**Student:** 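One structure, pasted below without further comment.
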Amino acid sequence: MKIIHSVADLPRNLTGSVGFVPTMGAFHEGHLALMRRAKAENNHGVVSLFVNPKQFGAGEDFGRYPRDLDADAAMAEGAGADFLFAPTRDDVYPTDFVDVVVRGVTDRWEGAHRPGHFAGVATVVLKLFNLVRPDVAYFGQKDLQQCQVIRQMVDGLNVPVRLVIHPTVREADGLAMSSRNRYLSEEHRAKAPLLYACLIEAANAIRSGGNVASAEESGRSRLEQAGFLVEYFAAVSLPGMDPLTDLPGPEGTSAVIVAAKVGTTRLIDNVSL
Ligand code: PAF
């Protein structure tokens, strides 16, 4: 695997397809699953590692976001990546006068709780697509709203990249893998799987014809009783991320989503309906 720090060193004219996994590093099994799939389904696997300042709000964890290039490089190589592109801030943002703003799907949930976050994500993902020029890009379903935002960006700007959404990879106890899980104290780590348990409970209730609002309410209150600070717990329709008011349609057209803080760590997760 080749580590590339400068845009000028990116490979051009590779023969065959390029599968691309954009990341912010601090790799876990969820990232590695995307990398393995990108390589298995394409001739070349490219991973980018860039902790994008533009998608962090004031007071968020940009400064303490885990950074360990050597450990990440070893893991990416083990997962079959051919290139690890770790650009500098100046390479990604030679100027900073243009933002990609996706309307509609960003109105609620993460978009409402993290103002500017999705403009930061859409901007950097389009930049990385323009730099890496992949055929296919791989994203994890854990960031469900991010996936819908990038889908809108790609469709709305005629970006010639095919998107693949890969299922969330979980710990044995159900906790969705996330780079931020390493912030959890032992006590909070023990509580964290309740997030997924509540999502499953709500999804089962809604699937079997239960009232959506009461499924949301019992998920939220079970988490609050356990000490979580719940930002949202909601059933949504896809791809628009609008609140689900009716029975869910065919499988995969809606989901239950949650964001909650346990201690100081903010976790998000979702399950498909
Ligand atoms: O999901 C992430 O890690 C980031 O939001 C992404 C897509 C790499 C953009 O910085």
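Whatever order the structure lists them in is the order used to number ligands and atoms, beginning at 1. What you see is a predicted model; the values in this text were computed from it and never measured.
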**Student:** For atom 9 (C) of ligand 1, which candidate among M24, K142, Q55 holds the nearest heavy atom?
**Tutor:** Q55
**Student:** Enter the distance from F129:CZ to I150:CD1 here, rounded to the nearest 0.5 Å.
**Tutor:** 6.5 Å
**Student:** Considering only heavy atoms of V124, which atoms of ligand 1 have at least one such atom less than 4.0 Å away?
**Tutor:** 9 (C), 10 (O)
**Student:** Do Y232 and E110 have side-chain atoms, one donor and one acceptor, less than 3.5 Å apart?
**Tutor:** yes
**Student:** So is there a nitrogen or oxygen of Q146 less than 3.5 Å from a nitrogen or oxygen in ligand 1?
**Tutor:** yes
**Student:** Assign the ring pair Y93 / F50 to parallel, tilted or perpendicular, where the plane angle (0 to 90°) is split at 30° and 60°.
**Tutor:** tilted
**Student:** Which atoms of ligand 1 sit under 4.0 Å from any heavy atom of P22?
**Tutor:** 8 (C)
**Student:** Indicate, as side chain, backbone, both or neither, the part of T23 found under 4.0 angstrom from ligand 1 when only non-hydrogen atoms are considered.
**Tutor:** backbone
**Student:** Quick one: do E29 and R36 make a salt bridge, cutoff under 4.0 Å?
**Tutor:** yes
**Student:** Have a look at K54 and tell me which of V124, V121, D99 forms a side chain to side chain contact (heavy atoms under 4.5 Å, CB included) with it.
**Tutor:** D99
